[in-house]
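Both counts, for ligands and for their atoms, begin at 1 and track the order of listing. All values derive from a computational prediction rather than experimental measurement.
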Amino acid sequence: MAFSGALTLTDLNDFISPSQACIKPVEQTNGKPKQEEYVGAKTEIVVDSTGSYYEVSSGSVELNTTTLPSRVNNEISGTKLEQAQISLNDCLACSGCITSAESVLITLQSHTEVFTFLEHNQDACDDTKKLPVLSIAPQSLASLATALSASLSSSSTSSSSPITPLQVLRRVTTFCNSIGFPHVVDITFARHLALQEHVLEFEERKERDSKGGQDAQGALPMLASACPGWICYAEKAHAEMLPFVATTKSPQQVMGTLVKEWLGTRMGLTPDKVYHVSVMPCYDKKLEASRQDFYNDVYSTRDVDCVITTGELELMMKERGWDLSVPVPGELDEDISFGSLPQSLVNSNADDIRFPELLQHPGSSSGSYLHSIIFHLQRKSDVPLTLTSKVMRNSDYEEFLLTTPTGKIAFKGAKCYGFRNLQNVVRKVGRERGVRTAGGAAGRMAGRATGGGIRDRMKRKAGAATNGAGPEENADDKGYDYVEVMACPGGCVNGGGQLKPILPKNGNQTSTLGTSGAAGTSVDAEGYPRDWEQNGGGTGTGTDTVQTQSGVVMNAKWGDKDWTGKVEVTYWLTGEPSSLSSAISGSGSSQGGGMAWADEMAVRVLTEMCGSDDDEGVKTRRRLFRTEYHAVQSDVGNGLAVKW
Ligand code: SF4
């Protein structure tokens, strides 16, 4: 299977330098050569014209011809070396390849894989047939909607109203139904559950922190866990940060649990009888889905079987001749009949297993993790807490304070997007918590400095927990309680798997967007025109825009701030204004139908999956909605310092 050509080095300004060595041990299966055959020999690795590797002897000792099937040239013969096969599952996130997803290893998850599955599934017998389910991220819908709106406004003289993510969801649902997915959902309900769990975990950590001593170690600040780019980075480069990272599963993985464990059960299907595809704004989500932690040993299946990006979904539609710009019947209707299962597939009432759609969780377009905690604290506080914010280095790094009427700081959090900001925050948290931060690529658990950091010293001085009475703290001295960490600058709306910016038509150049590779070297495998030089690949074509079939000129470069801003605006176009607290409380105190439905549904799902709140129920909930992290061990030196 071909690896998507859309994966390249892109925004080098925000890139961690990759290391040169992949640290995955490669099993040598060639017969062990006899020691004497090599005595005195000088060996080299040579690559022939077909790209095969040979270990060759340039010394005087002749090698045994039975182990030397190939002759590289007239003077040197050698042993053909076996190529290392590395699949996604082997990725140790070791920094041995490019940062923004270790993407050169991703070969097992692609849109062609989805097509292949659907084809085989159609003809499968009852025993092996699976139920295909597709879930899609709201950022992906926003990206598709923004591109559609830009295409339409560029190709039409009259101004048209923007396409909303809800309309795109309807059209994508209709397309997916037509190719064999009877069930299509967006992942915002899974995010609703993830946010509830996240808040619960924050409360647990806060309590641990207030106790001090051993219990408090690694409790606060809690660092967000939904971004696999950040998780990979922490596991390979800053293992000392792992105790601070929330253990709550990301919305993608919560949706995986819902689809396989809840929906499947309700339909009388075991997890292996459901095939779950998720559409995500980045390639890192493929790595996340492939983690061993999300593998079901009993049924030999994963919570998410295949992850495709927004671009790959668009490519699927193009390959099947589906025009996303054409409205589908009823797409503007309020009555939501999309996303429900055909009655023939359902053992119970379809309404019973429909998830609420496109819930808006106010705060950020990357999931509102920070704001879910802020709103929760405001809601449960006995005194009114005032929220203020301050932009730090740039809009991707902002601090948020909750203060009491007397000026006491009840909470300090931050939103931190992009690797540059992220590294600064890691250092800051390390200083505050008295944790020595790792300087190298491989995850070495750094020793905890004795005596505590600034935060601990502040706490000793204050003699009180962070939320409550006590001497006033200076905002600059107070450590963070929570940080919403995301690897992409601009957050998930700017993920590497999103559609590329569409610029106004200038008609200078032509291409055939949608016919993969047809336009030559300036078009990537997903059919997108690419400026390889600007993106770090450097093919030397010097072209960065091409005209598409609809006459729209597209710029291939990711990270376009104006474009990201437009996707951000589109992201918030759909959905009802919701009660801030209801989004996270799970208390049922919501305003608005969608959120009320979500709260009720959340209670129902949790009760059915976890039972009551007793010890057993708590254990089940943790098993289903939490995960763990693993420091990557390596003998490789400071890989991050190595430049290619
Ligand atoms: Fe993926 Fe980027 Fe969002 Fe992280 S911030 S989850 S890498 S899109």
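In this structure, a donor-acceptor pair under 3.5 Å is present between the side chains of Glu319 and His111. If you check the side chains of Thr257 and Lys249, you find a donor sitting under 3.5 Å from an acceptor.
By the 30° and 60° cut-offs, the orientation of the rings of Tyr275 relative to Phe117 is parallel.
Ranking protein heavy atoms by distance to atom 4 (Fe) of ligand 1, first place goes to Cys227 SG, 2.3 Å.
Residue Pro228 places a heavy atom under 4.0 Å from ligand 1. Not a single heavy atom of Ser366 sits under 4.0 Å from any atom of ligand 1.
Partner of Lys260 under the side chain to side chain donor-acceptor pair (under 3.5 Å) criterion, chosen from Asn296, Asp303, Thr301: Thr301. The only member of His371, Glu203, His198 that meets side-chain contact (heavy atoms from CB on, under 4.5 Å) when paired with His376 is Glu203.
Relative to atom 3 (Fe) of ligand 1, the option among Ser365, Cys492, Gly495, Ala226 with the closest non-hydrogen atom is Cys492.
Residue contact annotation: Cys282 places an N/O/S atom under 2.8 Å from atom 1 (Fe) of ligand 1. Atom 2 (Fe) of ligand 1 lies under 2.8 Å from an N, O or S atom belonging to Cys488.
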Could you go through the salt bridge (charged side-chain N to carboxylate O under 4.0 Å, His left out) check for Glu432 and Lys412 one step at a time? CA-CA 13 Å; Glu432 286 172 0; Lys412 182 175 177 181; 5.3 Å; no

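Distances below 4.0 Å separate heavy atoms of Met486 from the following atoms of ligand 1: 5 (S). Taking every heavy atom of Ala487 and a limit of under 4.0 angstrom, the matching atoms of ligand 1 come to 5 (S).
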